[in-house]
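Lettering of chains follows the sequences in order, A, B, ..., and the numbering in each one begins at 1.
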Amino acid sequence: MLDIKFIRDNPEAVRSRIAARGEIPALDELLELDKRRRVLIEETDGLKARRNELSKEIAALSKSGGMITPLKEESREIGQRISEGDEELKTIQEAMKQTLLAIPNLPHETVPVGKTDADNELIRTWGSPASFDFEPKDHLTLGEQLKIMDFPRGTRVTGSGFPVYAGPGAILERTLINFFLDTHRARGNYKEMSVPFVVNRDSLIGTGQLPKFEDDLYRCDVDDLFLIPTAEVPLTNLHRDDLIAYDDLPIYYCGYTPCFRREAGSYGKETRGFLRLHQFDKVEMVKFVRPETSYDELESLVKDACEILEALNIHYRVVALCSGDLGFSAAKCYDIEIWAPGEKRWLEVSSCSNFEAYQARRANIRYRRKETGKPDFVHTLNGSGLATPRLLVAMMETYQNDDGTISIPDVLKKYTGFGLITPDGVQ
RNA sequence: GGAGAGGUGGCCGAGUGGCUUAAGGCGGCGGUUUGCUAAACCGUUGUAUGGUGUAAAGCCGUACCGGGGGUUCGAAUCCCCCCCUCUCCGCCA
């Protein structure tokens with residue numbers, strides 16, 4: 001959520017920065033409401049002040065046995081006008097809140113202006129594409145031949161987009177989660193958290209998924225709860241309505257959860273295999289930081305995610321999203337993409353974003369400033385570190401051998417207990 | 001699902017109609033003492049919002065004791081509805 005005071009003082013700047021996202025915010029209506037709101041507050045506050053005076057007079061008079069009936073009469077009349085004003089005020093404030101909740105964050109000044117992912121800016125590339133002296137297979141072929149991924153059975157059990165990993169595939173997938181968590185805990189100083197996979201509306205409003213994107217979520221109707229689309233939601237909302245001590249910042253969390261996405265409207269886009277799923281596993285990193293440090297924190301967050309890929313020796317690149325490709329709540333976002341030699345394309349495995357105070361304002365997450373001792377909103381950040389399905393795809397395709405077997409990267413062997421997946425099992 | 005208890009400031013916790021700008025404690029901040037730390041002592045310390053200041057400060061208001069209604073000149077306090085938490089029972093991994 002943007003600060004209404006900032007919008008009031010800088011309407012044109014807000015308009016043009018939102019326009020860079022390709023959206024036109026309803027600022028005029030909002031500012032009209034804001035004007036009316038302030039007039040109403042002035043009026044009703046004046047009336048309330050008068051009523052408070054009258055009450056004091058009545059209290060004094062009734063002690064001394066004076067005549068209080070006319071004062072009571074005036075107070076009653078004022079009370080009538082107050083409730084009329086308050087009622088209009090309530091309507092206006094609710095309308096303003098809904099409008100504000102629907103306005104996306106402002107892109108940071110360093111975000112490249114553009115319309116689609118074609119306008120994203122390549123920041124850097126690490127490693128080089130795996131080379132083969134045979135034609136590399138894609139993950140679906142490998143997964144089927146090795147019997148470690150079973151798409152049809154997931155469809156039977158639930159529907160398309162719900163993956164089944166089998167045998168060594170399941171072990172490998174679980175291994176990755178442990179490897180991610182251990183790495184972030186040991187090297188990035190992230191506190192590991194285990195959090196609910198189902199959340200309430202307030203949490204989703206806090207991080208920005210609601211009210212605009214309800215269609216993208218799985219909802220449990222009877223309880224009005226939602227399956228999480230990312231661990232960002234529970235991890236960030238751990239501190240909803242908190243006032244955090246200055247010295248407690250920064251706070252780093254990491255956590256594993258499955259993620260559930262209806263992917264409404266994206267059918268037919270990328271339905272192949274494990275590239276776009278309704279359910280997938282992910283380890284997420286979340287940071288709560290002092291505002292002046294948040295862009296440094298973003299850079300280190302990206303590094304922490306990349307470290308995983310370097311340990312696994314996966315060819316990757318970092319891309320800065322352009323204004324038009326930016327997520328709703330983000331001020332700046334880097335995507336990390338990995339090379340899948342079978343697919344012969346880049347796959348997005350991580351998004352690392354700085355939300356500045358946007359989520360903190362929605363979720364009311366504050367800290368006490370050192371200099372003034374006054375509360376202010378923290379900055380929040382998060383990044384995937386990492387999501388398993390696309391990483392598995394790239395790993396299988398990168399580590400495949402000419403006989404159709406897949407080697408396990410060295411850093412994972414102590415977790416898996418095997419170093420090679422073959423059609424007949426593991427070695 | 002059944003019964004009971006409870007939701008008050010950064011935290012704990014008192015408070016049954018006007019004296020609440022919410023007692024007291026903890027924490028925070030400033031100071032005294034001190035070789036340093038600690039302890040002790042003294043002082044200080046709510047949030048949001050409107051108006052007025054070039055800004056900060058200040059000043060003048062208003063609201064806020066889980067949420068929403070009601071009674072009343074006036075509600076943390078009385079009444080109604082809802083939400084949440086805890087304890088016990090039932091069911092259960």
Is R201(A) touching bases, backbone alone, or none of the nucleic acid, heavy atoms closer than 4.0 Å?
nothing
With a cut-off of under 6.0 Å to the ring centre and 45° to the axis, is R390(A) in cation-pi contact with F274(A)?
no
E348(A): which residues meet the salt bridge (Lys or Arg N to Asp or Glu O under 4.0 Å) condition with it, sequence neighbours left out?
none
Heavy-atom nearest pair, I228(A) first then P196(A), reads CD1-O, 4.0 Å
Taking only residues two or more places apart in sequence or in another chain, which ones pass ring-ring contact (aromatic ring centres under 6.0 Å, His included) with Y399(A)?
none
Does anything in residues 73-84 of chain A come within less than 4.0 Å of RNA chain B? Heavy atoms only, and list the residues if so.
S75(A), R76(A)
Strictly below 4.0 Å, heavy-atom distances to any atom of RNA chain B: list the hits from residues 371-379 of chain A, or just say none.
K374(A), P375(A)
Check every strand shown and say whether I58(A) touches a base, only sugar-phosphate, or nothing at a heavy-atom separation below 4.0 Å.
base
Please find the earliest and latest nucleotides of RNA chain B, in the 5' to 3' direction, that have an atom within less than 4.0 Å of any heavy atom of chain A.
G10(B) to G74(B)
Using Watson-Crick and G-U wobble pairs with both distances under 3.5 Å, what is the 5'-to-3' dot-bracket string of RNA chain B, with [ ] for crossing pairs and | for pairs outside the strand?
((((((((.[[[..)..(.....]]]((((((.......))))))(((((((.....))))))).[[[[[..)....]]]]])))))))....
Consider only side-chain N and O atoms of K287(A) and T380(A), and report whether a donor and an acceptor are under 3.5 Å apart.
no
Return each pair, listed once, that meets salt bridge (charged side-chain N to carboxylate O under 4.0 Å, His left out) where at least one residue sits in residues 233-249 of chain A; pairs must be two or more places apart or across chains.
D247(A)-K370(A)
Among residues 234-249 of chain A, which ones have heavy-atom contacts with RNA chain B below 4.0 Å?
L243(A)
D304(A) and Y252(A): side-chain donor and acceptor closer than 3.5 Å?
no
Under the side-chain contact (heavy atoms from CB on, under 4.5 Å) rule, collect the residues that match up with S329(A), sequence neighbours excluded.
F355(A), Y358(A), Q359(A)
Which label fits G53(B), syn or anti, where anti is any glycosidic angle not within 90° of 0?
syn
Would you classify K90(A) as touching base, sugar-phosphate or nothing, given that sugar-phosphate means primed atoms plus P, OP1 and OP2, and contacts are heavy atoms under 4.0 Å?
sugar-phosphate
Can you tell which of H139(A), E173(A), E144(A) makes a side chain to side chain contact (heavy atoms under 4.5 Å, CB included) with M149(A)?
H139(A)
Could you pull out all residues at least two apart from D86(A) that satisfy salt bridge (Lys or Arg N to Asp or Glu O under 4.0 Å)?
K48(A)
Salt bridge (Lys or Arg N to Asp or Glu O under 4.0 Å) involving R37(A) - partner list, sequence neighbours excluded
D34(A)
Does the ring of Y253(A) carry K191(A) above it, NZ/CZ under 6.0 angstrom from centre and within 45° of its axis?
no
Would you jot down, in residue-number order, the residues of residues 361-369 of chain A having a non-hydrogen atom under 4.0 Å from RNA chain B?
R366(A), R368(A)
